[in-house]
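Please read the structure below before turning to the comments.
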Amino acid sequence: MRQLNRHTELNTRFALKVLAPTKNSDIYILNSIANLLFKNNYILVLSLLLLCVGLLTLVNLASGSVNIPVKDVIASLSNFEVSKDTWRYIVLEYRLPKAITAIITGSGLAVSGLLMQTLFRNPLAGPYVLGLSSGASLGVAIVYMGAGIFGGTFAALLLSKWSVVIASSLGSLLVLLAVMIASLKLRDTMAILIIGLMFASLTAAVVSVLSYFSPATDLQQYIFWSFGSLGNLSWEEVLVLSLFWILGIILSIACIKNLNSLLLGEQYAKSLGVSIQSNRFLVIIATSLLAGSITAFAGPIAFVGLAVPHLIRQVIPTNNHSILIPAVILGGAVLMLLCDIAAQIPGTEYTLPINAITSIIGAPVVIWLLVRKRRFLF
Amino acid sequence: MNTNPKNSILKTENLNIGYPGKKSGVLIAENLNIEINPAELVAVIGINGIGKSTLLRTLSGVQPALSGKIRIDGKELEKLDALSQASLISLVLTGQPVSKNLSVFELVALGRQPYTNWIGRLTKKDLRQIKKALSLVDIENLEQQKCYELSDGQMQKALIARALTQDTPLVILDEPTTHLDLYHKAYVLKLLKKLTQKTNKAIVFASHEINLALQLCDKIILMQKDKLISGSPKDLVRFDELEKVFPPDLIFFDKQSASFKIKT
């Protein structure tokens, strides 16, 4: 009996110590446990996202105008016997490049959106605030609609296979150069945002003038481009795109430390030894490499770049870029793969424009998350 | 922190501050000679628009001086690169758009940035410094709290801890007591005093809290029109310098209580 009492007393003492830490050291221990859990939590979310990317890629490869069983998808990827030879051909030559394009597009746009949001300290910023997509659309509009207006040999030259890609890149590059020159003269980062918007209106106006004078067929071609498309890329185009993607991602990773200090505002960042101008330059280059090349190959894909960083911040409540950047890379890929699966109406030959699907799926999710959490984290 | 002449942390020689312009520029104050020693708590005091912020910005290297020299810990500020400056001067600023989605730990850890590698990895030494700063400011229990959960006073403490983590001989604060109630104003200034004694750092701050500053500071820099006077609170009171800070129509300096009173 006595022993039992002693036992319970010890238990109570233990419980008291755990539940009501009185000394600083106890608080420290509890804190470090919490710290550990939080860190593992990040890793957990990241690995879940990675798993999603893998699974969705398989589903993406399996679904389309012809449904291919996942077993055969895996077989065709790993060089095993496939039930039908055409299936292997479809998977390797058509669907795999499309899935890779979806991953690159989603992740690249999400990273550039995050970079812009941190650089401008503005939750509304996205990959296109620098006017990249408007520059690209101007280039492409000139190819499709200008060809009809100028006519002759010029048209033949313009309508070759890579012409849209080149025109889009040139357009983005031109606007980018203008923004860069402006940014070197400006001390205030916010002003770059306005300049980007001004270029967007300017090019939109030129595009409207062009469309006003164009025949319906040319106009239609341009409209189709502006819907965005993931499925038109050959393997060599995918290769070129992924090279740009890798460069852009490496640059973004190199900016992580500076981006973190920018979370304190530019003055603090400067006092921590960050060169505001050269960091701004690096971030703009990274964004243009990512968003510019993606727009050139897949068209101006809206929404992903703006929304994915917000979605991720709701799931992982941190602003630390060494966690956010891998998270938005995976999150962007997940969203884009999902949208691509949805765009391909199962069992039919119809594909909906990807640009519409991203918003139709993404916007309600963002609204739902914001309303549920009631707190906007930025 | 050695090999400096006369051990001063900050020394200016014939410093002119202001904004460079196309023709002549705007001169805010000229011929400033200031000297600040280790473990000194120094208040910069003056009427609105006299150039307190310009002075602090120039001393912290954010804004170039029009002419003259600034030596921090014996080194000429102008000749140092941004990273070396970051290891000599840390700042606490008000009204900066600091992201509220950071935890206190993350915020304070950012003070180690000048010392971390290219990706910002915290070493054991960095972690030690962070813990030390958190305990000096007495906010260890807030470590995992998000900044949006903090009160204004707690946020100010976290920002001070961030500056301490940067481990610089000189800490400069721009109006650290704005938005705070009287108790927390006194608390923050008392904390700064304690920090100068415990860490041997020199702390310089701009403030409108003359009455509190007179009671706590080792030295006061009075910015008046056309001149700048620095000295211990006692000397400033003795030589009637405080009266000249404000226009004489509304308030006067009461020597007895060493504080300003309203004229009746």
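The sequence lines fix the lettering, A, B, ..., with proteins before strands; numbering per chain opens at 1.
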*Assess the side chains of B:His179 and B:Thr94: does a donor N or O sit below 3.5 Å from an acceptor N or O?*
no
*Tell me, with the steps shown, if A:Lys257 and A:Val274 meet side chain to side chain contact (heavy atoms under 4.5 Å, CB included).*
CA-CA 9 Å; A:Lys257 189 174 160 181; A:Val274 175; over 6 Å; no
*Taking NZ, NE, NH1 and NH2 as the nitrogens, is one of them in B:Lys131 or B:Glu143 under 4.0 Å from a carboxylate oxygen of the other?*
yes
*asked:* Determine whether B:Leu170 and B:Leu88 satisfy the following criterion, side chain to side chain contact (heavy atoms under 4.5 Å, CB included), listing intermediate values before the conclusion.
replied: CA-CA 6 Å; B:Leu170 177 65; B:Leu88 288 174; over 6 Å; no
*asked:* Given heavy-atom pairs under 4.5 angstrom as the criterion, report whether the side chain, backbone, both or neither of A:Leu262 touches chain B.
replied: neither
*Do you know which of B:Pro97, B:Gly111, B:Ser84 has the most heavy-atom pairs with chain A at a distance under 4.5 angstrom?*
B:Pro97
*asked:* Using side-chain heavy atoms (C-beta onward) and a distance below 4.5 Å, is B:Pro20 in contact with B:Leu66?
replied: yes
*Take A:Ile104 and A:Met336 through the test side chain to side chain contact (heavy atoms under 4.5 Å, CB included) and record every step on the way to the result.*
CA-CA 9 Å; A:Ile104 288 178; A:Met336 213 59 205; over 6 Å; no
_Around atom CZ of A:Phe303, are there more than 12 heavy atoms from other residues, nucleotides or ligands closer than 6.0 Å?_
yes
*More than 12 foreign heavy atoms under 6.0 Å from CD of A:Gln277: is that the case here?*
yes
*What part of B:Gln113 is in contact with chain A, defined as an atom under 4.5 angstrom from a non-hydrogen atom: side chain, backbone, both or neither?*
both
*Quick one: of A:Asn260, A:Leu272, A:Ile256, who has the most non-hydrogen atom pairs under 4.5 Å with chain B?*
A:Leu272
*Which residues in residues 51-65 of chain B have any heavy atom lying under 4.5 Å from a heavy atom of chain A?*
B:Val62
*Return yes if some donor-acceptor pair links the side-chain N/O of A:Ser47 with the main-chain N/O of A:Leu44 below 3.5 Å, else return no.*
yes
*Look at atom NZ of B:Lys194 and say whether more than 12 heavy atoms of other residues, nucleotides or ligands are closer to it than 6.0 Å.*
yes
*Under a 4.5 Å heavy-atom cut-off, does chain B meet the side chain of A:Ser271, its backbone, both or neither?*
both
*B:Thr116 versus chain A, the contacting section by heavy-atom distance below 4.5 Å*: both
*Where on A:Thr318 is there a heavy atom nearer than 4.5 Å to chain B: the side chain, the backbone, both, or neither?*
both
_Any heavy-atom pair between the side chains of B:Val44 and B:Phe205 that's under 4.5 Å?_
no
*Listed by residue number, which members of residues 156-164 of chain B have a heavy atom under 4.5 Å from any heavy atom of chain A?*
B:Leu159, B:Arg162
_Top of B:Ser99, B:Ala86, B:Ser87 for chain A proximity - count of heavy-atom pairs under 4.5 angstrom_ = B:Ser99
*Heavy-atom proximity to chain A below 4.5 Å, by part of B:Asp81*: neither
_Among B:Lys132, B:Arg112, B:Arg121, salt bridge (charged side-chain N to carboxylate O under 4.0 Å, His left out) partner for B:Asp126_ = B:Arg112
*Take A:Leu282 and A:Leu251 through the test side chain to side chain contact (heavy atoms under 4.5 Å, CB included) and record every step on the way to the result.*
CA-CA 7 Å; A:Leu282 270 181; A:Leu251 271 182; 3.6 Å; yes
*Under the criterion side chain to side chain contact (heavy atoms under 4.5 Å, CB included), which of B:Val204, B:Ile72, B:Ile9 is the partner of B:Ile89?*
B:Ile72
